[in-house]
**Q** 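Handing you a structure now.
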Amino acid sequence: MSGTRIPAELRLRVRARAGERCEYCLMHERDSDFSFHVDHVISEKHAGPTEEHNLCLACPECNRAKGSDIATTVNGRVSRLFNPRIEEWKDHFVHDGAVILARSRIGAGTIRLLNLNNPTRVATRASLMQEGRYP
Ligand SMILES: [Zn+2]
């Protein structure tokens with residue numbers, strides 16, 4: 001979700017930093033039929049800058065589900081979404097096989113909003129795991 005054009009060189013740096021993996025669900029871009037997106041962690045709608053420290057690589061599913069959101073609710077309380085620039089994935093999520101479980105409120109809200117455990121996505125991750133390609 002971007003209004004500002006992100007320079008190609010900056011896109012390459014973000015993609016390389018992420019190891020070509022979605023920074024939310026950890027899918028590798030080579031395992032997707034679609035190109036991954038360079039996403040504003042804090043969307044431009046919420047004054048997030050188009051700078052390296054506010055950009056991440058996201059698969060189309062995560063990017064579409066996240067949209068311009070920066071927070072959601074968990075048990076009725078506002079909870080910001082996981083920010084791959086300021087925290088570690090493993091502090092908020094853990095794998096149980098191909099399912100991603102929350103280790104925090106931030107993780108729980110992010111899993112739900114980004115639809116990380118949609119049955120199709122879990123099935124895709126399970127088959128990639130069997131081939132040693134995920135995570
Ligand atoms: Zn993803």
Side-chain angles (χ1 to χ4, degrees):
M1 292 289 139
S2 173
T4 302
R5 191 171 149 69
I6 302 170
E9 191 265 341
L10 181 53
R11 287 178 185 279
L12 286 174
R13 280 208 308 271
V14 171
R15 178 167 268 109
R17 178 179 62 192
E20 298 174 23
R21 287 185 181 276
C22 173
E23 297 188 66
Y24 296 105
C25 72
L26 307 185
M27 279 273 293
H28 198 285
E29 191 170 23
R30 71 170 172 244
D31 295 318
S32 173
D33 293 333
F34 304 98
S35 294
F36 285 8
H37 305 244
V38 174
D39 171 58
H40 286 78
V41 178
I42 306 298
S43 60
E44 293 186 282
K45 180 179 180 180
H46 296 291
T50 302
E51 294 173 12
E52 201 164 346
H53 65 81
N54 187 46
L55 298 173
C56 75
L57 192 66
C59 72
E61 289 90 346
C62 287
N63 192 49
R64 193 177 319 113
K66 179 173 172 283
S68 63
D69 291 338
I70 58 174
T72 185
T73 58
V74 177
N75 298 327
R77 290 173 54 207
V78 173
S79 178
R80 70 175 174 79
L81 299 178
F82 170 64
N83 182 334
R85 291 288 68 78
I86 61 171
E87 51 209 346
E88 296 289 326
W89 194 92
K90 63 179 168 42
D91 291 337
H92 296 283
F93 309 98
V94 62
H95 283 104
D96 179 8
V99 175
I100 297 172
L101 300 179
R103 300 184 74 174
S104 67
R105 276 168 35 92
I106 287 170
T110 303
I111 287 168
R112 187 177 46 74
L113 190 84
L114 272 57
N115 205 14
L116 294 183
N117 290 321
N118 163 304
T120 305
R121 300 179 76 182
V122 171
T124 299
R125 290 198 296 265
S127 67
L128 289 169
M129 284 177 114
Q130 286 183 337
E131 298 170 25
R133 294 161 68 176
Y134 182 89

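The figures that follow rest on heavy atoms only: side chains count, while hydrogens, waters and symmetry mates do not. Whatever order the structure lists ligands and atoms in, that order sets their numbers, starting from 1.
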**Q** Could you list the residues that satisfy salt bridge (charged side-chain N to carboxylate O under 4.0 Å, His left out) with R80, not counting sequence neighbours?
**A**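 Partners of R80 under the salt bridge (charged side-chain N to carboxylate O under 4.0 Å, His left out) test: E87.
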**Q** Does a donor on one side chain and an acceptor on the other come within less than 3.5 Å for H46 and S68?
**A** no
**Q** Of I100, L116, N117, which meets side-chain contact (heavy atoms from CB on, under 4.5 Å) against V122?
**A** N117
**Q** For the CZ atom on R30, are there more than 12 heavy atoms of other groups (residues, nucleotides or ligands in this structure) within a distance under 6.0 Å?
**A**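 Result for CZ/R30: enclosed.
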**Q** Check the pair H92 / R103 against side chain to side chain contact (heavy atoms under 4.5 Å, CB included), numbers first and verdict last.
**A** CA-CA 5 Å; H92 296 283; R103 300 184 74 174; 5.5 Å; no
**Q** Which protein N, O or S atoms does the Zn ion (ligand 1) have within a distance shorter than 2.8 Å?
**A**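 Per the 2.8 Å query on the Zn ion (ligand 1), atoms found are C22 SG, C25 SG, C59 SG, C62 SG.
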**Q** Can you establish whether the number of heavy atoms outside E131 located under 6.0 Å from its atom CD is more than 12?
**A**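 Correct, the count exceeds 12.
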